[in-house]
Structures are given as C-alpha cells and as structure tokens.
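Here the structure is laid out as structure tokens; the discussion comes afterwards.
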Amino acid sequence: MKKILVTRRLLRSCEDRAKEMFDANLNLNDELYSQKKLIEMSQGCDGILSALTDKLDADTINQLPNSIKILSNFAVGFGNIDLEAAKNKGIAVTNTPDVLTDATAEIGVLLILGACRRASEGIEQARQGGWVWSADLLIGKQLTGTRLGILGMGRIGQKIAKVAKSLGMIIHYHNRSKLSEDKEQGAIYHDNLKGLLSVSDVLSVCCPASKETIDMINKDTIEYLPKGAVVTNVARGDIIEDEAMIDALNRRKVYAVGLDVYKNEPHLNKGYYKHKSAFILPHLGSATKETRTAMANLAIDNIDEFFKTGNCKNKVN
Ligand code: GLV
C-alpha cells in the first residue's frame, strides 16, 4: 500500500476514504505545518496530498525525500507549488479542476452583489439595529444594465457570466484567445486588457495566478477602468496590487471591492479594513460540503490514478 501524507484535515468521509486506499498519515489537529515540519513528516511517504496553505517552493521541494512522486493539491489553483522544481525532481503535480466551478462561481456572484449593493455596511447597520430607513439609505449600484468585465473566461468565469447575464448584466471578457460562440453566450471579446478594463463597470477577476497575471491590476491598469468601477476577485490575491487598489478606493476611482482572496493570506493588507466599501470574505470559494467532498475525493483519485498508471489526467506539470 502506498504511503501518503495528508497535510490538512479533510471532511471525515474523505479521510476515511484516504485511509482505505492508502497508508495515510492524517493531520487530525489540522496543524499548519511549517516547511521544515512538512519535509520531516513526508519521510517514508510516496506522495503528499497538499493544500493551498502549504508553501511548496523550490527550496522545500528540493528537500523532500526522493520517495515522493506526487503532490496532489487539494485546489484548482497551484500557485503554492513551484511546478518547475517539482518537475526537475521527477514529482508530478495534480489539481482538482471542474468540481469547484459552481461553488466558486457562486462566491464570485456574491462578491459582485455584495460590493455593488454595499452589503458590508448593510450588515453592520442591521446588526447594530436602530437604523432609520430613508429613500437614500445605502444606495448602491444596480446590476441590471451594468457592464461586467470578466478577466479570465475559463470554467468559473463562464459560470459567473451566465448568472450575471440572467441578472441583466452585459458581459465582456478578456482571455488569451477568443472562445467559441457556444461558450461565449453573447459575451463580447476584448483581445487586450485595456479594452476590457475600459468597459468594466464591474470587474470580476477569474484568471489563474501566473508570471503573466501577477499584479496585472496595478497602478497603471486601474486607470483604464471607468470612474467608480467595482472590482471583485475570486481567483488569487496575487493578481491585484493592493496598495494601488486601496489608493484607488481612497480617491473613489474605485467605488467598492469584493474580495475572497488576498496576497499573503490570511494577512490581508490592512488598508482594506478601513474601507466600508470593501466586501471581504476569507477565501470561501469552494467552501460547500458537496464541493469540498468532491475536491478531496478527486485529490485522492489523482494519487490513485498516478500510482496505478504512472500518469494522471489532472497533472499540471
Ligand atoms: C481555491 O482557491 C482553489 O484553488 O481550489
């Protein structure tokens, strides 16, 4: 039986499954392993079922025992893993695509609604009680008839587009390449970032973090947005330059932000706390029972497939 290290707690049924299929070393206290501890814990293991909280940089990967042949990441994103370093050491890296599309898109839509309709301020006032209704209490931005720019029209972007369209939003997108008409569903393609941002009354960042997308929304590109735009991010914090975004909120260039992901999570830039118009969530994209179960099972299946066949359809390096 192959031996695996599971770095974080999974839902109980998935941990039971991991134990049935492998000699699984579980993390029952859900301790956040340091890089040093992760290297120690993986001694004698054949694979690691990792999470996005594990920083598997080149230095850490190079110190993993040679017995490790697979890093099965419990996430669709794999920015926490140095793919090149893993490849050079002969380690396969896999992810969990598709199964989290719907749940993550739901949070993407929540961010749009929450930021546009001033949900943070509304929740605060409702909790405090005693607010006085008035015709202009917490007036927000209506979605109907508003242009939504989707940066990264992959599976999650397409699902957000579908829901937003049903709310009456007009969909624009930017991708490396134009989608087929059946995937576009009437959305308008922009072959460059500037084109997309200049029509985005609301922006939804949905692209993966990569060398090309890090800090893509920065001091210069924010200026392409219409004044009073809303910016939401359901993908990865690395794509937005925080200081520039907070400055844009201060100057009211940006009306509100809706964020589920941050640079250096969970230590988000404190500048966001000061803004009532920041609707912020603690990285909940895939957080439903159905989705977390499906993700863990897929991460387990990826290891199984890899050891049975020497390959895996969800291999990303
Ligand atoms: C969540 O953020 C994921 O990448 O799965």
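In each ligand, atom 1 is the first atom listed, and ligand 1 is the first ligand listed. Numbers for residues simply follow the sequence, beginning at 1.
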### ligand 1: protein residues within heavy-atom distance under 4.0 Å
Leu52, Ala75, Val76, Gly77, Leu100, Arg236, His283, Met295

### Message
Testing the 3.5 Å rule here: is there a donor-acceptor pair between the side chains of Ser286 and Arg292?
### Response
yes

#### Entry: Test item: Tyr272 and Met245 side chains (from C-beta on) under 4.5 Å apart, heavy atoms
yes

### Task
For Asp82, enumerate each residue passing the side-chain contact (heavy atoms from CB on, under 4.5 Å) test, keeping only those at least two apart in sequence or located in another chain.
Ala58, Ile61, Glu84, Ala85

### Lys313/Asp301 salt bridge by N-O under 4.0 Å criterion
no

### Query
Any luck finding a side-chain donor-acceptor pair between Asp136 and Ser134 under 3.5 Å?
yes

### Query
Which value, rounded to the nearest 0.5 Å, describes the distance between Leu49 atom CG and Thr94 atom OG1?
8.0 Å

